[in-house]
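Shown next, in structure tokens, is the structure this report addresses.
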Amino acid sequence: MRAQSPGITLGHVVVTGGSVAGLLTALALAPRADRVTILERDHYEDGPEPRSGVPQSRHTHVLLASGINALGELLPELLPELRDAGAPWLAVPGDLGVWQAGQWISRRNPSAPVMTPSRPFLEHRIREHVMARPGIEVRTSTEVTGLLGTAARVTGVMVRDRGGDPQARRRLPADLVVDATGRGSRTPAWLSELGAAPPEEDVLDTGRAYATAVFTGDPPPADIRGFYLVPEAVQPLGTIILPAENDRWMVTLSGPPDQPPPTDPAGFVDFASRLPHPAPHKWLSTAHPVSRPVGYRRTMNRRSHYERLAPDFTGLLVVGDAACALNPVYGQGVSVAALNAVALARALSGGRTPSTHDLQRAVLRSSDFAWEVATGADSSMPGATGNALRSGRAVRLLTRYLDRLRAHVASDPVVCTANRDVLFLLTPPRTLVTSPRVLRRVLLRSPVPTPRDLPTP
Ligand SMILES: Cc1cc2nc3c(=O)[nH]c(=O)nc-3n(C[C@H](O)[C@H](O)[C@H](O)COP(=O)(O)OP(=O)(O)OC[C@H]3O[C@@H](n4cnc5c(N)ncnc54)[C@H](O)[C@@H]3O)c2cc1C
């Protein structure tokens, strides 16, 4: 990497994977690079369509408040444009029926925003901006098949045209290679081929199974704009029902590995009758399906520690799901991809020249809150496995405290706000145990249950 300070220059950056993380990273690095080339295996459709390289694009996606802030910092014109194009904005919990710890959360608690464009719609809009940026070139139908370089330095990638002669590979040199190829990233294996050690990994898998279908129909009663029934250890079934652009409803059901939601249309709706409150099933029974349910099962949390590779190892940066894939039930991945890109832009804006190691650490830190939230909650799920599973006496005490805290979330505005800000990745999870106001309320007061009927605004 050619680096000068101040105003560091990255030379030629090759980003592998042209999905949300790759596009946003290209945007963050472009002002410091001579040129950026994004390599994407898929062919992009002209419009906002799901594509095979992003199988999760058929599933419900929520953009958390932290992700909204990060996208606003990277692409200020995008948010008003999404709103004008019909992407729903919701206040949470004001607009949503949120069921947690056996009760509805009061909608009168203070709210924060989320956005709920469909995943293809959001990516399409980001893509349009990125492709219009000078200095960024996107090559589609181009598959990366390996890394070039040595055990100490990555110097480019091997590529082949998708649909062309599988043996016809080309070398594409780069000063910096960014891996944004998602959950299926092959970088660990490719590093081994170069003689470098693959990264250490933390994993935690609950085996949660998903199914999603698209519906049309009237909104639920009481001015509710969607449902979120949070799965828990004692009650493992969940749903998230959210509006998307073009008057559609994205309906996702989830269950533990031994209770996967069915992907036949009738079974899908029946499954909703087993949720802990009848309201989502009642609403779903009146709505009209416009797609068949599709399933998804690769929901493991996995964080790869590229920042622990030898400090002088250079030329490679890993972002998005390739670096930190999260259980989708917490709706964090796109927000984390945007936070990764903001962290990179900030790390490159100082006078000091960061190494790729520094940049990788910035990426890691920007996904810390999300990792703690997802693995903290998943550790209490029955049957969860992996080296990131938290256990021991301190963890049992913490779990008891957090169970008590969740009972207060429904009706206590202070506890609800603190919990919401952690889930939206706005504040560190530790605030739930260090804030004196929250501690006092959780430990000294008795929780006040909310009514069982659908909450009114
Ligand atoms: C069921 C489900 C629901 C989810 N719900 C939410 C949600 O509500 N909110 C949220 O924020 N996040 C959610 N996520 C996570 C979110 O989808 C991802 O975090 C987000 O898409 C960012 O991923 P990415 O860009 O890192 O990888 P991906 O989006 O997976 O993209 C990887 C890209 O790399 C390309 N590629 C792969 N291999 C190669 C190769 N060899 N050469 C060239 N290109 C290649 C692929 O074609 C693809 O375009 C969900 C995920 C799942 C699975």
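All values below were derived from every heavy atom in this structure, side-chain atoms included, with hydrogens, water molecules and symmetry-related copies excluded. Computed from a predicted structure; not experimentally measured. Counting convention: from 1, in listed order, for ligands and their atoms alike.
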Exercise. Within 45° of the axis and under 6.0 Å from the centre of the six-membered ring of Tyr44, does NZ or CZ of Arg127 qualify?
Worked result: yes
Seminar exercise, completed: the protein heavy atom lying closest to atom 24 (P) of ligand 1 turns out to be Ala21 CB, 3.8 Å
Exercise. Which pair of heavy atoms, one from Leu284 and one from Ala272, lies closest together, and at what distance?
Worked result: CD2-CB, 3.8 Å
Exercise. Quick one: nearest non-hydrogen protein atom to atom 28 (P) of ligand 1, plus distance?
Worked result: Ser19 OG, 3.5 Å
Seminar exercise, completed: Of Glu143, Arg41, His59, the residue with the heavy atom nearest atom 37 (C) of ligand 1 is Arg41
For this session: Look at atom 16 (C) of ligand 1 and find which of Arg51, His43, Arg208, His61 reaches it with the closest heavy atom.
Result: His61
Problem set entry | Arg125/Glu245 under salt bridge (charged side-chain N to carboxylate O under 4.0 Å, His left out): CA gap, chis, key distance, verdict | CA-CA 13 Å; Arg125 291 286 170 150; Glu245 70 283 352; over 6 Å; no
Exercise. Less than 3.5 Å between some nitrogen or oxygen of Ala337 and one of ligand 1, yes or no?
Worked result: no
Problem set entry | Those atoms of ligand 1 less than 4.0 Å from some heavy atom in Gly320 | 26 (O)
Exercise. For Arg119, is the nearest heavy atom under 4.0 Å from an atom of ligand 1?
Worked result: yes
Exercise. Of all the non-hydrogen atoms in the protein, which one sits nearest to atom 22 (C) of ligand 1, and at what distance?
Worked result: Asp321 OD1, 4.0 Å
For this session: Starting from atom 2 (C) of ligand 1, find the nearest protein heavy-atom neighbour and note its residue, name and distance.
Result: Pro328 CB, 3.4 Å
Seminar exercise, completed: The protein heavy atom nearest to atom 52 (C) of ligand 1 is Gln56 CB, 3.3 Å
Exercise. Would a 4.5 Å heavy-atom cut-off, applied to side chains only, mark Leu122 and Leu71 as touching?
Worked result: yes
Exercise. What closest approach, in Å, do Arg107 and Gly94 show between heavy atoms, and which atom pair accounts for it?
Worked result: NE-O, 2.8 Å
For this session: Just jot down the ligand 1 atoms closer than 4.0 angstrom to any heavy atom of Gly53, in number order.
Result: 46 (C), 47 (O), 48 (C)
Exercise. For Val334, is at least one N or O under 3.5 Å away from an N or O on ligand 1?
Worked result: yes
For this session: Please write down residue, atom name and distance for the protein heavy atom closest to atom 8 (O) of ligand 1.
Result: Val62 N, 2.9 Å
Seminar exercise, completed: Value for NE2 (His61) from CE (Met250), rounded to nearest 0.5 Å, stands at 9.0 Å
For this session: Please identify each residue that fulfils side-chain hydrogen bond (donor to acceptor under 3.5 Å, both in side chains) with Glu73, with sequence neighbours left out.
Result: Arg346
For this session: Check the angle between the aromatic planes of His59 and Tyr296 and answer parallel, tilted or perpendicular using the 30° and 60° thresholds.
Result: perpendicular
Problem set entry | Element-labelled atoms of ligand 1 that are located less than 4.0 Å from some non-hydrogen atom of Ser335 | 11 (O)
Problem set entry | NZ/NE/NH1/NH2 to OD/OE distance under 4.0 Å, Glu307 and Arg361 | no
Exercise. Does ligand 1 have a heavy atom under 4.0 Å from the side chain of Ala180, from its backbone, from both, or from neither?
Worked result: backbone
Name each donor-acceptor pair under 3.5 Å that joins a side chain in residues 14-29 to protein atoms two or more places apart or in another chain, with its distance.
from: Thr16; atom 1: OG1; to: Val178; atom 2: O; distance (Å): 3.1
from: Ser19; atom 1: OG; to: Arg119; atom 2: NH2; distance (Å): 2.7
from: Ser19; atom 1: OG; to: Glu123; atom 2: OE1; distance (Å): 3.4
from: Thr25; atom 1: OG1; to: Ala21; atom 2: O; distance (Å): 2.7

Seminar exercise, completed: protein heavy-atom neighbour closest to atom 27 (O) of ligand 1 works out as Gly182 CA, 3.5 Å
Exercise. Is Thr16 near ligand 1, meaning one of its heavy atoms is under 4.0 Å from it?
Worked result: no
Problem set entry | Atoms in ligand 1 with a heavy atom of Thr60 nearer than 4.0 Å | 5 (N), 8 (O)
Problem set entry | Full working for salt bridge (charged side-chain N to carboxylate O under 4.0 Å, His left out) between Glu143 and Arg162 | CA-CA 6 Å; Glu143 181 177 11; Arg162 199 168 186 195; 5.4 Å; no
Problem set entry | Exam field: side chain Ser66 to backbone Phe424, donor-acceptor pair closer than 3.5 Å | yes
Exercise. Do any heavy atoms of Glu40 fall under 4.0 Å from ligand 1?
Worked result: yes
Exercise. Just which atoms of ligand 1 are under 4.0 Å from any heavy atom in Gly331?
Worked result: 7 (C), 8 (O), 9 (N), 10 (C), 11 (O)
For this session: Answer yes when Asp368 and Arg303 have at least one side-chain N-carboxylate O distance shorter than 4.0 Å, and no when they do not.
Result: yes
Exercise. Between Glu137 and Arg139, is there a salt bridge with N-O shorter than 4.0 Å?
Worked result: yes
Exercise. Quick one: does Thr142 get a heavy atom under 4.0 Å from ligand 1?
Worked result: yes
Seminar exercise, completed: Per-atom filter on ligand 1: closer than 4.0 angstrom to a heavy atom of Gly17 are 34 (O), 35 (C), 44 (N)
Exercise. Does the side chain of Leu359 come within less than 4.5 Å of Leu348's, by heavy atoms?
Worked result: yes
Exercise. Which atoms of ligand 1 sit under 4.0 Å from any heavy atom of Val54?
Worked result: 29 (O), 48 (C), 49 (O)
For this session: Please identify which atoms of ligand 1 are closer than 4.0 Å to at least one heavy atom of Leu39.
Result: 43 (C), 44 (N)
Exercise. What protein heavy atom sits nearest atom 41 (N) of ligand 1, and how far off is it?
Worked result: Val144 O, 3.0 Å
